[in-house]
Number of protein chains: 2
Amino acid sequence: MASEAEFLKGYDPGAYPAVAVTVDVVALTIRDGELCVLLVERAEHPFAGRRALPGGFVRGEGLDDAALRELQEETALGKVHLEQLRTYGDPGRDPRMRVFSVAYLAFAPGLPEPRAGSDAAGAAWVPVEQATGLAFDHDTILADGLDRARSKLEYTPLATAFVGDEFTIGELRQVYASVWGEELHAGNFHRKVLSVPGFVESTGATTARGGERGGPRAKLYRAGDAQLLHPALLRPAREDGVR
Amino acid sequence: MASEAEFLKGYDPGAYPAVAVTVDVVALTIRDGELCVLLVERAEHPFAGRRALPGGFVRGEGLDDAALRELQEETALGKVHLEQLRTYGDPGRDPRMRVFSVAYLAFAPGLPEPRAGSDAAGAAWVPVEQATGLAFDHDTILADGLDRARSKLEYTPLATAFVGDEFTIGELRQVYASVWGEELHAGNFHRKVLSVPGFVESTGATTARGGERGGPRAKLYRAGDAQLLHPALLRPAREDGVR
DNA sequence: CAAATAGTGTCTCTCAGACAGTATTGT
DNA sequence: ACAATACTGTCTGAGAGACACTATTTG
């Protein structure tokens with residue numbers, strides 16, 4: 001048997017059919033109480049002119065680094081949570097060649113206006129209900145990303161990734177309401193968030209002034225050190241059984 | 001601007017650096033009350049002689065199909081649950097070239113003896129605590145798969161994928177105990193499983209005889225139609241806070 | 001008979017959700 | 001004044017877990 005060194009020397013990477021690996025990012029933020037996703041308009045074939053998730057081919061970097069790079073090409077953002085979603089590899093999902101797309105999910109606070117990237121005619125935050133008819137299989141990827149985001153809010157403190165470093169319980173509630181698409185009872189939500197150990201911690205400060213239409217000044221909180229919420233904040237109003 | 005057809009005609013897939021995509025499968029089953037993973041011994045470089053997760057290069061098929069094919073090359077199994085885990089793509093994780101591995105998680109009931117596959121010197125079910133020192137980054141992949149499996153038992157009915165079509169509540173409890181690595185209170189578990197709508201449904205029959213060391217005949221159940229458990233069967237004894 | 005297991009009853013504590021109520025701010 | 005919002009109090013019902021208990025079967 002040949003040694004490993006000899007084996008590697010005789011190995012010919014070109015002997016295999018060409019495949020490519022891309023990353024695509026489902027980047028979510030909340031603008032004006034609406035859950036929005038970052039979309040680009042494709043400048044080149046295939047799907048020129050169609051809206052798509054930001055993404056591109058992976059270079060000599062790791063997957064996480066590639067996702068971060070693609071995201072920063074479209075929008076300048078500071079704090080961002082990034083996690084792998086899943087990989088899409090159906091033959092024929094890209095007309096050029098066999099392309100595997102590793103999809104990522106990103107949560108960002110606030111509203112940095114996006115900038116046009118290299119391979120995109122334009123980039124924009126689009127309310128998720130209006131984000132349809134995307135290029136490739138990006139409709140499916142977006143739907144999977146939204147599922148993941150909605151479910152992760154239940155048992156992880158990731159809602160804090162959608163707000164600034166200091167936030168009020170009301171702002172946090174608005175995150176849940178926007179992502180889940182339903183209003184939450186303010187009083188019960190308040191008590192529940194504070195009852196979960198490590199979810200939020202008080203800064204001692206309050207907002208400078210009350211709400212725009214009245215109300216007392218709210219206390220400010222930071223994200224705590226919990227990695228999982230216990231007890232979880234379960235989504236209401238789901239059907240039992242099959243769901 | 002060129003039409004999409006002209007663009008595709010002039011497109012040269014070989015202009016990109018060669019990358020490869022593989023699937024690797026974390027296949028779990030329960031043998032003698034122990035959680036076991038399917039491992040092969042690699043016959044070829046790299047990592048010849050080392051144990052590894054079953055897997056191989058993706059051909060012209062979809063990712064799910066590739067995972068199923070690789071699994072069937074190693075062991076003849078009937079009913080099996082298969083789901084994508086995540087993708088590993090660090091540069092340097094394979095010494096031959098840039099290889100992206102799409103990892104899958106499989107749950108299978110019972111104990112089909114594995115058979116040697118094409119690129120493996122042998123295949124065997126190995127208790128997960130003894131599955132260390134694997135080739136590539138398979139230790140990491142296995143650990144991620146176990147995390148996922150342990151967590152999925154909580155809120156999905158996937159425990160039924162580890163048992164036959166008909167099973168007793170005691171067998172189901174043994175699945176949870178094996179995967180979580182801790183004993184569960186028999187009485188409370190029993191009542192809880194039956195209280196979750198759609199988790200199991202009665203067949204009306206009972207086992208032919210009691211346990212080996214005594215006890216009444218147990219009622220037999222099938223998997224129900226629930227996709228999610230509500231309420232969930234939460235794992236006991238986890239630390240609060242950071243966890 | 002003794003041991004093991006299936007399944008049930010009951011109690012306590014926690015938590016979710018409904019609802020009401022008070023305090024504090026902006027227009 | 002009035003509306004809006006931040007919080008807190010209280011009640012009810014569901015569920016988790018501890019424990020005890022009965023019934024059934026094997027050796």
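Quick note on labels: first sequence line is chain A, next is B, and so on, each numbered from 1. The figures that follow rest on heavy atoms only: side chains count, while hydrogens, waters and symmetry mates do not.
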Exercise. Would you indicate whether B:E129, at its atom CD, is surrounded by more than 12 heavy atoms from other residues, nucleotides or ligands within a distance under 6.0 Å?
Key: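 Atom CD in B:E129 is packed in, count exceeds 12.
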Self-check item: Base C:dG9 to side chain B:R191, donor-acceptor N/O within 3.5 Å cut-off
Solution: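 Flag set: donor-acceptor pair detected.
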Quiz item: Quick one: the side chain of A:R217 and the base of D:dT5, do they pair up donor-acceptor inside 3.5 Å?
Solution: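 No such pair is found, so the answer is no.
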Distance check needed: [N] [atom2] versus [X] [atom1], whole Å only.
X: B:L194; N: D:dA14; atom1: CG; atom2: C1'; result: 17 Å
X: A:E183; N: D:dT5; atom1: CD; atom2: P; result: 11 Å
X: B:N188; N: C:dG9; atom1: CG; atom2: P; result: 14 Å
X: B:H185; N: D:dA20; atom1: NE2; atom2: P; result: 10 Å
X: B:L234; N: D:dA14; atom1: CG; atom2: P; result: 18 Å
X: B:H190; N: C:dT5; atom1: NE2; atom2: P; result: 15 Å
X: A:E212; N: C:dT24; atom1: CD; atom2: C1'; result: 17 Å
X: A:R235; N: C:dC15; atom1: CZ; atom2: P; result: 21 Å

[X] near the nucleic acid: base, sugar-phosphate alone, or nothing, with a heavy-atom cut-off under 4.0 Å?
X: A:G211; result: sugar-phosphate
X: B:A232; result: sugar-phosphate
X: B:G214; result: base

Self-check item: DNA chain C: 5'-proximal contact among A:R209 and A:K192 (nearest heavy atom)
Solution: A:K192
Quiz item: Nearest nucleotide by nearest heavy atom, which residue falls closer to the 5' end of DNA chain C, B:G215 or B:K219?
Solution: B:G215
Quiz item: Looking at B:Y88, is B:R86 sitting on its ring face, NZ or CZ under 6.0 Å from the six-membered ring centre and within 45 degrees of the normal?
Solution: yes
Choosing from [options], which nucleotide comes nearest the side chain of [X]?
X: B:P236; options: C:dG7, C:dG17, D:dG17; value: D:dG17
X: B:R213; options: C:dA6, C:dT24, C:dA4; value: C:dA4
X: B:P231; options: D:dA16, D:dA6, C:dT10; value: D:dA16

Quiz item: Parallel, tilted or perpendicular for A:H81 and A:F107, by the 30°/60° rule?
Solution: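 The arrangement is parallel - the two ring planes meet at less than 30°.
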Quiz prompt | Among A:K192, A:R191, A:H190, side chain to side chain donor-acceptor pair (under 3.5 Å) partner for A:N188 | solution =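 Of all the options given, the one that passes is A:R191.
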Quiz item: With the threshold set at 4.0 Å, does a side-chain nitrogen-carboxylate oxygen contact exist between B:R235 and B:E154?
Solution: yes
